There are 2 protein chains.
Amino acid sequence: MRQSYLTEPLVMLATVLQWLALATLAGALVGTGCSAFLRILFATSDHIYAAPLWVQMAVLPIGGLANGLLLQYGKRLNRTGLKDSVIIAVNDQHGALPWKTLWVKPVATLITLGCGGSAGKEGPCSHLGGSIASGLGELLGLNSELRRRMVACGVSAGFAAVFGTPIAGALYGVEMLAIGRIRHNFLFPAIVASVTSYEVSRFWGVPYPRIDVSFVGDFTELLFLKTVAIGILCGAVAWVFIELLHGSRRLFTRLRDRLHIPEPLMPAIGGVVLAGLILVIPYDYMGLSLPLMDRALQGEPMPYLGFLWKALLVAVTLGSGFYGGLITEQFVMGAVVGGAFAHLLALQPALGAAVGLVAVVAAASNTPIAAILMGVELLGGDSTLYVAGACIAAYLIVGHRSVYPEQQIAATKS
Amino acid sequence: MRQSYLTEPLVMLATVLQWLALATLAGALVGTGCSAFLRILFATSDHIYAAPLWVQMAVLPIGGLANGLLLQYGKRLNRTGLKDSVIIAVNDQHGALPWKTLWVKPVATLITLGCGGSAGKEGPCSHLGGSIASGLGELLGLNSELRRRMVACGVSAGFAAVFGTPIAGALYGVEMLAIGRIRHNFLFPAIVASVTSYEVSRFWGVPYPRIDVSFVGDFTELLFLKTVAIGILCGAVAWVFIELLHGSRRLFTRLRDRLHIPEPLMPAIGGVVLAGLILVIPYDYMGLSLPLMDRALQGEPMPYLGFLWKALLVAVTLGSGFYGGLITEQFVMGAVVGGAFAHLLALQPALGAAVGLVAVVAAASNTPIAAILMGVELLGGDSTLYVAGACIAAYLIVGHRSVYPEQQIAATKS
C-alpha cells in the first residue's frame, strides 16, 4: 500500500474524471434513445383494449407472427457471432454486442405490447442502453475491461430511463449481472450514466409518476415481521412465475421440435393461445397492466390468485417467442399479491401492494439492494424499513432461480 | 437447478425462519447492551468542557493512563489467543471472539470520551454487538459458518443501535467486512438483527434525532456534477484522515520502541500532546463534536481546514492508544468540509454538509452503499440523488486504504 502513497489518489482522480466523461456521454445517448422508444410505446400500447373482442383476438396471432418473423430476420442480420444479451456481453463477450440489430428488440416489444401481449417495457431499454454504450465504447477504442463497464453502465442508464429511478436503476444494472454479487467498480459509471439518462429523459418529456402510499406511523417489530411475511409470499410468487415462464419456454420448444414447426410461427401459436385465454382472463392482466397496478397501490381489493393470471399470460407471451421486458410484470404481480393478502396480516392493502411491488423484483431478478433503493425512489424514504426485510426474504425464498437464465451464480444464498 | 425443484424453496424457507429466530434474538440482546452503553455515554461524555481549562488539560493524560492500563489488563485477561476484532472474527476466526473482555472496549471508550479525547462512539457498539452475537452462537452450538454470520449480524445490530439507521447499519456491518464486496448471504440476518436492535434501543429510550436538511427543488445534471465534486473533496479528506491516523500510530509505536516506554504509558503521552493541542484547537473539535456537526448541518459557516483539526485530534487520540470509535469523526469531518466548501460550488452550506456527512464515511470505511442508505435514513429519501454520486466518487478517490487496516481487498476499484 505504501508505494502508491501519492500516485494512487491521482490514478483514482483520473478514473473518476474519465468515467464522468464517458458515462455522462453514454447516459445522454441512452436517455435520448430510451425516450424515443418510450414515447412511441406510450402512443401505441394499451389502445387495443378499446377494440371489439374479436379484433383483439385476431390481432394477437398476427402480432405473434410479426414478432417471429422480425426476430428471425434479426438473427440472420447478426453475422457477428455475438449473443444479443447484455448479461452475456458483460460476462463473456468483453462488452461486445451486435450493432446492426439494435432496433430489433425495441420494435418487437412495440409489436408485442401494441397487440396486447403481456410483458414489460424495460427489456428493450436495457438492451438499447447496453448496445448504445457498447457501440460508443468501440467507437472510442476502449479496451475490453472498460467496454464491459460501458455496457453495464448503458444497461443501468436504460433502467433509469424506463423506471424513473436513477439510483435503483444503476444498482439494478450492476446487481442483475450475477446472483449474489455487486461489482463495486461498476458503481460509479452506472450512477453517473443513470442520473444523466434520467435527467435527459425528463428533458425529453418522459413522465415519471410518483407512487403515493403513506408509510408514516410508528414502525414496530411486529410490523417488520409482517413485511417479512409479505416478502416470503412474494418470493413464492416469483418462484411460481419463473417456473411457469421457463416451463412454458420448454413446452413451446418441445412442441416445435415434435411437430417441426418453423420457429417464426411459434409466437403466432402463442398468440392463438393468448386469444383463447383472454376469453377467460380479465383484460386488466394483458399488456403492461399498469392501471391494475395503480389500483392495487390505491388499496383497491385484489384477487388472491390475480398474480397467477398475470404470470400465465406472460409465460405464454414470452415463452412462445414474443419479445418483451421482464420487470413491469414483476411490479404488477407484486402489487396484486401484496394488496390481496395484506388484510390477512392486518396490513393496509395499499401498503401491502407497495411492499409487494419491490419484493417480487428483489426475488425474480435477484436484485435485493436495487429493490430496496427502488422502494426509496418510488415510494419515498419512509418506506425503507418496510421494504428491506421483505426484499431480502423474497430474494432468499426464490432460491437460485432467475428470470434471467444467463445470470451466473456468484455466491450461494444459504 | 432441476433436482432442487421442490426442495429448494423449503430449504430457503427454513433458512429464513432460522435467521428470523436467531437474528431477532441477537438483535434484541445487542440492542439492550448498546442502549445501556449509550445511556451511560450520554450521561458522562462532553461534560468536561464545562470545567476550567487546566482541569481539562490535567484530565487528558490521566484518562490516557487509565486507557492504557485497562487495555493492557484486557490483553492479559484474554488467554484464548483470539484477536479482539470483529472483522478478523468473521474473516479468519470462524466467528469466534473472546468473551471475557467484552466490557473492556466499551469502558475504555467511556473513559476516552469522558475525559475529552476525540473519537467516535460506534466502535464499542459494533464490538459489543459482534461479541454478544458470537457468544450466543457458541451457546447455541452453531457451526462456524453460521457463527460468522452471527458475528456480522451482531455488528450490524450494533451500528443500527448507535446510528439509529437500521438498514444502513445492516449494510454497513456487511459492507465493512471487506473492500468492494457485499456478501448477499449475510444480508437477511443483518437486516433482521438491525431492525430488532433499533426497535429495542428505541424502547429503552435511546434518542435518534433526525437531521433536517431540505433537498426539495429541481435536481439537475449540473447539481449532480457539483455533488460529485463534493464527493471528490470528501475522498481527499478521508485520504488525509486515514494517512494521519496510520501515520500517528506508526509514530507512537516508533517512539515507544526507541525509548522503551511501557505500552500502557503511551496513551498518557498522547494525553499530554492532546492537552497541548487544546490550547490551539477550538474545543468544538474534541470528544464526539456532535454540536459542531449540527451547526454545519444548519448551514453555519465552517472553516476550510476545520476537518484537519478533527483529523489531527483523532489521530493523536487513537494513534497513541486511547480506544474509541472510528465513524462519528467521519460524519463530523464530512459535515465540516462539505459545509465549508459548498459556497465555492454555489451550493447551500447545509446541503453541502449533509452530502459530506455520508460521503466521508463512504470513502474512509469503504462502504458506499451503506453510506447511500445512511443518507436515506438520516436525511430522508429525497437526498438519494444528491448523495449517491458523492458517495461513490469519494469511495473511489480514497483508493485502497481504509480506517480499518484489517479490511481485506475483495475487489480493486479501478
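Note that the structure is predicted; figures quoted are calculated from it, not measured.
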Quiz item: Hey, which of Glu145(B), Arg183(B), Gln18(B), Arg149(B) has the most heavy atom pairs under 4.5 Å with chain A?
Solution: Arg149(B)

Practice problem: Working to the nearest 0.5 Å, report the span between CG of Asn91(A) and CD of Gln407(A). | Solution: 9.5 Å

Exercise. Check whether Tyr395(B) gets within reach of chain A through its side chain, its backbone, both or neither, counting any heavy atom under 4.5 Å.
Key: side chain

Exercise. Heavy-atom pairs under 4.5 Å with chain A are the metric here; pick the option from Asn185(B), Leu20(B), Ile191(B), Val11(B) that has the most.
Key: Ile191(B)

Self-check item: Donor-acceptor contact present, side-chain Glu8(B) to main-chain Gly399(A), <3.5 Å
Solution: no

Exercise. Using non-hydrogen atoms and a 4.5 Å limit, figure out which bit of Leu373(B) sits close to chain A: side chain, backbone, both or neither.
Key: side chain

Exercise. Would you check, one step at a time, whether the test side-chain contact (heavy atoms from CB on, under 4.5 Å) holds for Phe188(B) with Val228(A)?
Key: CA-CA 10 Å; Phe188(B) 188 68; Val228(A) 171; 4.1 Å; yes

Exercise. Determine the option with the most heavy-atom pairs under 4.5 angstrom with chain B, choosing from His184(A), Met12(A), Glu221(A).
Key: His184(A)

Quiz item: Under a 4.5 Å heavy-atom cut-off, does chain B meet the side chain of Ile179(A), its backbone, both or neither?
Solution: neither

Self-check item: Region of Tyr198(B) that comes under 4.5 Å of a non-hydrogen atom in chain A
Solution: side chain

Quiz item: Where does Leu396(A) contact chain B at under 4.5 Å (heavy atoms): side chain, backbone, both or neither?
Solution: both

Quiz prompt | Interface residue of largest heavy-atom contact number with chain A, from Val376(B), Val16(B), Ile397(B), Thr412(B), under 4.5 Å | solution = Ile397(B)

Quiz item: Is there side-chain contact between Cys391(B) and Met374(B), with heavy atoms separated by less than 4.5 Å?
Solution: no

Self-check item: Most chain A-contacting option - heavy-atom pairs closer than 4.5 Å, from Ile182(B), Thr24(B), Leu379(B), Leu10(B)
Solution: Ile182(B)

Quiz item: Leu187(A), Val195(A), Ile232(A): which one forms the most heavy-atom pairs within less than 4.5 Å of chain B?
Solution: Val195(A)

Exercise. Specify which of Ile167(B), Thr15(B), Val398(B), Val200(B) makes the most heavy-atom pairs with chain A at under 4.5 Å.
Key: Ile167(B)

Exercise. I would like to know whether Met150(B) and Trp19(B) meet side-chain contact (heavy atoms from CB on, under 4.5 Å); could you show each step before the answer?
Key: CA-CA 9 Å; Met150(B) 277 298 266; Trp19(B) 279 110; 3.5 Å; yes

Exercise. Examine distances only and state if a side-chain atom of Ser156(A) and a backbone atom of Ser194(A) form a donor-acceptor pair shorter than 3.5 Å.
Key: no

Practice problem: Let me know if Asp382(B) has heavy atoms under 4.5 Å from chain A in its side chain, its backbone, both or neither. | Solution: side chain

Quiz prompt | Nearest non-hydrogen partners of Ala157(B) and Ala193(B), listed with the distance | solution = CB-O, 3.7 Å

Quiz item: Hey, does the side chain of Tyr208(B) reach the backbone of Ala161(B) with a donor-acceptor pair shorter than 3.5 angstrom?
Solution: yes

Quiz item: Are Thr220(B) and Glu199(A) close enough, and set up right, to give a side-chain hydrogen bond (donor to acceptor under 3.5 Å, both in side chains), and what steps lead you there?
Solution: CA-CA 7 Å; Thr220(B) 60; Glu199(A) 292 297 332; over 6 Å; no

